[in-house]
Each structure stands twice: as structure tokens, then as C-alpha cells.
Amino acid sequence: MRGRDGSHRFEALDAGRGVCALAVAFFHMPLAHPLQPQAWFPNLQFCVDIFFVLSGFVLLHAYGDRLATDRPVWRLRLLRFGLMRFGRLWPLHAATLGLLIAVELVRQAYLSHHAGLPVATPPFGAGHRPVEILTHLTFLHNFRTFGDYSWNFPSWSIAVEFYASLVLALAVMAAGPRARLVFAGLAGVSALALWWLSPRTLFVIQNWGIVRCLFDMFLGCLAYTLRDAVRLSRGGATIAETAALLAVALLVAATPPGPLAYGASLVFAASIALFSHQRGAVSEAARAGALQRLGLWSFSIYLLHVPVIQVFTTAMHAVEARTGFPRTVILGHDRFLDFGSGAANLAVAAGLVAVTVPLAALTYRLVERPSLAWFRRNDARLAEAEVEAEVEARAPERVAPGPAAALPS
């Protein structure tokens, strides 16, 4: 994430993104560990809201001035923005979807030679239907399509972020990149709409996730416009960063289910604006090598952990069918693997998250980086076309010579 404070990146925010990706991966691990029944555990879903707020903040920083454009080339600039967002989000999404399809094909081939083997769900059954591949490839799987989680289910946030970012771009084009009142108003309208649609929880996903995303992203835009309002010394920044971390931890640990969760995104937005200055000791620690690598691989961690889970659970269910271990247990409405003790389950869950990290480094190198480079090269060509269109639009009209200007005979 590019910044201006003595660096080309908001490195402290990169680190936060990496930590949140690990937390989401751990939250989704289907192990019956002792944290599952804890009242605070579902609050790890706040990490998705942090992602959304971060996206609004960073997109306004990276594209705000470029999107604020004259009418003659606004369509071309919107096209460039949309293609770059597509290039950032879709290739890895498609690649991880392909991995899950491959797993289903392997399951189908294996079960065709082992008839009668009990399975939790048949290949290409509920949540993995072939028709849902199309909605995933078009980023439409969160828009009242089939009404349930499917395939790489965390990618719902990627789908809604793509379309929400286009709304953000249009808002910036219409109002400018520093329109605080507009961003505050759009965040407020989104919050009211979200409360009307989901008065009991912020963690709405199916069908109305885009409203949650818009609320958070416009808060991120507002935070960016206000980030320079306060400048702190190193000591003051260290105290403020420590307080912000404690506030976020307290929100996760103590926020009860209900509408109070809506206030959490305000704290996230203020914390992101604070850490973007990178002046305190906490920011300095966050800019260390290991945390920076996690930030670099965070998108891959976020989308790759479900294929890791799918491969692992498929293998464990096959082992369970033959040996009776590990057991499958039902907690609430969901199925979890049980390796005999809470400590063992916790260790397996942490181990799966750890396995995801080097695999994420690989997909970053093989998928994310080359695909984004390809889209950037094509964006450079569109930039040249934009310059030509802008010059042509601003050139004075050529007036045809009249009779008075005719050459003498």
C-alpha cells in the first residue's frame, strides 16, 4: 500500500492486513478446539471489516487524484480503474476456484472406484454445484443467486469489493477526492441501509454484503481525508498506536452480538488513519521483515486457506471412514473434526494456518505478481490513449476558412 511518509508504502498497514488474514484463516478452520464456543470468537469476523476500511483508505490514496477528471476522459479513466481492480482481484480468485474444482474432480474419480464409501457431501453437491462456478467467475455469487455459501466462500468479500470499488470511483469522480461530507454522507446512508437490512448484526454476508462493504469503504475514504488533521510526535504516536491496538483487541474480546458492532468500523477507520503516519514504535515494529511478508502474501492467505481446508478434510474423512479417527462432531449447525482433545484440535488448526503461509507465498509469486504485471502493462497502453483523448478534447476547434480567407486567384 503506497504512502508518502518517508516510504513508498503504508508498511504498517500492510502488516495489519497480514495479521487479519491469518485470523480469518484460523477462524474458518473446522476443528473442535476450545475457542470455538467462546462468545468472542465470532468477532474475528471484524477482520473483514478492517479489510474493507483499508481498501477504501488505500484506493482513495492511490486513485483519488487520477479519478477526479474532466468529462471528456472520465469513461476511459473509469475503465482503467475497473480493469486494474479486476486484475488485482480476479486472477487469484479464479486460480483458487480452479484448485477447488480439481479437488472435486479427484473426489469424484476416487468415489467412482469406491462405491458405498460414506461422504459428508457428494462431489459437486451442495455448495459445489457446477452452475455456481459461473457466478463465482463473474463476481455475482453474493447477489441473491443461490442463497448459500459455495466454493471458496470467503471470496464473497472479494466479489462485493470489486463492485463497491466501482461505486467508490464514481463517487470520487462526481464529488472529488477530498469530499469529506460526501464520504460521511455515503457511509451514513450505507449504515442506515445495513441496519435496516440486518438490525441484529454487522456480520451480514449473504445477499447484502455489498452494503456492509460500502459502509466500511466510505469510512475508509473519510479517514483518509482526515488523516492529516492531527500530527503527533514519536512519543505521542507510540502512546496513540498502543491505545488503538488495545481498543481493537477490546472490541474483538468484548463486543456483544447486536448493533453495537456497527461502531467498531469507526474505531478501525481512526486506527488506520493513525497507523498510516508510521511514526510510533508500534508502527516501527510492524515494518519488520516477517510481518511485511505476511502483508505481501495476505490476499493469497485469505483465498488459499479454503482449498487447504478442503484437501485436509477430504483426506481426514477418508481416514475416518476406514479407522473411525478423527471423529466428525456437530457444533451448532456445522461439522468439525475432533482429534481427541482440545489441545490437539487447536494444534491442528494452527498447523493448517502455518501450512497455508508458504503456499500463499507460492501463489503470490506464480499468480498474483505476474497477472498484476500483465494488467499494468495494458494499463500503460490505455494511459497513452487517455492522454491522446484528453489532448484532442482540449484542442481548439478548427474553423473552416470562409470567403474572406480565400486565396487570391
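Keep in mind it's a predicted model, so treat the numbers as computed, not measured.
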> What pairs with Q310 under side-chain hydrogen bond (donor to acceptor under 3.5 Å, both in side chains), at least two apart in sequence or on another chain?
Replying inline: E104
> What closest approach, in Å, do S112 and A109 show between heavy atoms, and which atom pair accounts for it?
Replying inline: OG-O, 2.6 Å
> How long is the gap from CD on E11 to OG on S276, to the nearest 0.5 Å?
Replying inline: 13.0 Å
>> According to salt bridge (Lys or Arg N to Asp or Glu O under 4.0 Å), who are the partners of E161, at least two apart in sequence or on a separate chain?
In response: R85
> Can you name the side-chain hydrogen bond (donor to acceptor under 3.5 Å, both in side chains) partners of S265, sequence neighbours left out?
Replying inline: D216
> Which pair of heavy atoms, one from N142 and one from G209, lies closest together, and at what distance?
Replying inline: OD1-N, 3.4 Å
> In Å and rounded to the nearest 0.5 Å, what is the CZ to CD distance from R327 to E320?
Replying inline: 9.0 Å
>> I need the M173 CE to L168 CG distance, nearest 0.5 Å.
In response: 11.0 Å
> Do any N or O atoms from the side chain of R212 and from the backbone of V204 form a donor-acceptor pair under 3.5 angstrom?
Replying inline: yes
> Of all residues at least two apart in sequence or in a different chain, which pass the side-chain hydrogen bond (donor to acceptor under 3.5 Å, both in side chains) check with H28?
Replying inline: H305
> What are the two closest heavy atoms between F312 and F339, and how far apart are they?
Replying inline: CZ-CZ, 3.7 Å
> Do the side chains of N378 and L83 get nearer than 4.5 Å, heavy atoms only?
Replying inline: no
Please set out all donor-acceptor pairs under 3.5 angstrom arising from side-chain atoms of residues 182-196, sequence neighbours excluded.
| unit_1 | atom_1 | unit_2 | atom_2 | d |
| --- | --- | --- | --- | --- |
| S190 | OG | L186 | O | 2.8 |

>> For V252, is there any backbone N or O sitting under 3.5 Å from a side-chain donor or acceptor partner on T255?
In response: no
>> If I compare all heavy atoms of A285 with all of L291, which pair ends up nearest, and what's the gap?
In response: O-CD1, 3.7 Å
> What pairs with I50 under side-chain contact (heavy atoms from CB on, under 4.5 Å), at least two apart in sequence or on another chain?
Replying inline: C20, L54, F268
>> Considering only residues two or more places apart or on different chains, which pairs with a residue in residues 234-243 satisfy side chain to side chain donor-acceptor pair (under 3.5 Å)?
In response: R234-E284, E241-S283
>> Does L181 have more than 12 heavy atoms from other residues, nucleotides or ligands lying within 6.0 Å of its CG?
In response: no
>> Check whether R335 reaches the backbone of T328 with its side chain - one donor and one acceptor, N or O, closer than 3.5 Å.
In response: no
> Where do A25 and V353 come nearest, in terms of heavy atoms and distance?
Replying inline: C-CG2, 4.1 Å
> Should F375 and P91 count as side-chain neighbours, where that means a heavy-atom distance under 4.5 Å?
Replying inline: yes
> Ignoring hydrogens and geometry, is there a side-chain-to-backbone donor-acceptor pair from Q38 to L35 under 3.5 Å?
Replying inline: no
> Can you check whether A12's main-chain N or O pairs, donor with acceptor, with Q278's side chain at less than 3.5 Å?
Replying inline: yes
> Among pairs that include at least one residue of residues 344-359, which meet side chain to side chain donor-acceptor pair (under 3.5 Å), considering only residues two or more places apart or in two chains?
Replying inline: D338-N345
> Do F162 and H93 have their ring centres less than 6.0 Å from each other?
Replying inline: no
> How would you list, by chain and number, every residue that makes a salt bridge (Lys or Arg N to Asp or Glu O under 4.0 Å) with R293, sequence neighbours excluded?
Replying inline: none
> Can T314 and Y110 be said to form a side chain to side chain donor-acceptor pair (under 3.5 Å), step by step?
Replying inline: CA-CA 11 Å; T314 297; Y110 181 81; over 6 Å; no
>> I'd like to check D49 versus Y262 (side-chain heavy atoms, cut-off strictly below 4.5 Å). Are they in contact?
In response: no
>> When you compare the side chain of Y302 with that of T96, does any pair of heavy atoms fall below 4.5 Å?
In response: no
>> For L359 and W297: C-alpha separation, side-chain torsions, deciding distance, then whether side-chain contact (heavy atoms from CB on, under 4.5 Å) applies.
In response: CA-CA 9 Å; L359 295 176; W297 305 331; over 6 Å; no
>> Whether the side chain of R279 engages the backbone of L232 through a donor-acceptor N/O pair (distance < 3.5 Å, no angle test) should be reported.
In response: yes
> Roughly how far, to the nearest 0.5 Å, is the OH atom of Y224 from the CG atom of L59?
Replying inline: 11.5 Å
> Can you name the one residue among L97, L100, I158 that meets side chain to side chain contact (heavy atoms under 4.5 Å, CB included) with N152?
Replying inline: L100
> So, do Q45 and I205 sit near enough that their side-chain heavy atoms are less than 4.5 Å apart?
Replying inline: yes
>> Is there a side-chain contact between R17 and L294 in this structure, where contact means two heavy atoms from C-beta onward sitting under 4.5 Å apart?
In response: no
> Taking it one step at a time, do F52 and V48 satisfy side-chain contact (heavy atoms from CB on, under 4.5 Å)?
Replying inline: CA-CA 6 Å; F52 288 153; V48 175; 3.7 Å; yes
>> Consider side chain to side chain contact (heavy atoms under 4.5 Å, CB included). Of L366, V357, L92, V367, which one does S300 pass it with?
In response: L92
>> Ring-plane angle category for F26 and H33, please: parallel below 30°, perpendicular beyond 60°, tilted otherwise.
In response: parallel
>> Distance check, rounded to the nearest 0.5 Å: F153 atom CZ versus H141 atom NE2?
In response: 11.5 Å
> Is there a side-chain contact between V103 and L99, using heavy atoms and a 4.5 Å cut-off?
Replying inline: no
>> Whether the side chain of Y63 engages the backbone of A169 through a donor-acceptor N/O pair (distance < 3.5 Å, no angle test) should be reported.
In response: no
> If every non-hydrogen atom of R77 is compared with every non-hydrogen atom of A68, which pair is closest and at what distance?
Replying inline: NH1-O, 4.0 Å
>> So, using side-chain hydrogen bond (donor to acceptor under 3.5 Å, both in side chains) as the criterion, who are the partners of S165 when residues are at least two apart?
In response: none
>> Going by salt bridge (Lys or Arg N to Asp or Glu O under 4.0 Å), name the residues that satisfy it together with R80, two or more places apart in sequence or in a different chain.
In response: D379, E386
>> Walk me through whether L214 and V211 qualify under side-chain contact (heavy atoms from CB on, under 4.5 Å).
In response: CA-CA 5 Å; L214 287 169; V211 184; 5.6 Å; no
>> Between T201 and S198 (side chain of the first, backbone of the second, donor and acceptor by atom type, cut-off under 3.5 Å), is there such a pair?
In response: no
>> Once salt bridge (Lys or Arg N to Asp or Glu O under 4.0 Å) is applied, do any residues pair with E368, and if so which ones, sequence neighbours excluded?
In response: R88
>> Less than 4.5 Å apart, side chain to side chain, heavy atoms only: is that true for P177 and L67?
In response: no
>> Using a 3.5 Å distance criterion without hydrogens, assess whether the side chain of W151 forms a donor-acceptor pair with backbone atoms of R129.
In response: yes
> Can you check side-chain contact (heavy atoms from CB on, under 4.5 Å) on V248 and F46, steps first, answer last?
Replying inline: CA-CA 9 Å; V248 171; F46 277 137; over 6 Å; no
> In Å and rounded to the nearest 0.5 Å, what is the CD1 to CH2 distance from I210 to W156?
Replying inline: 10.5 Å
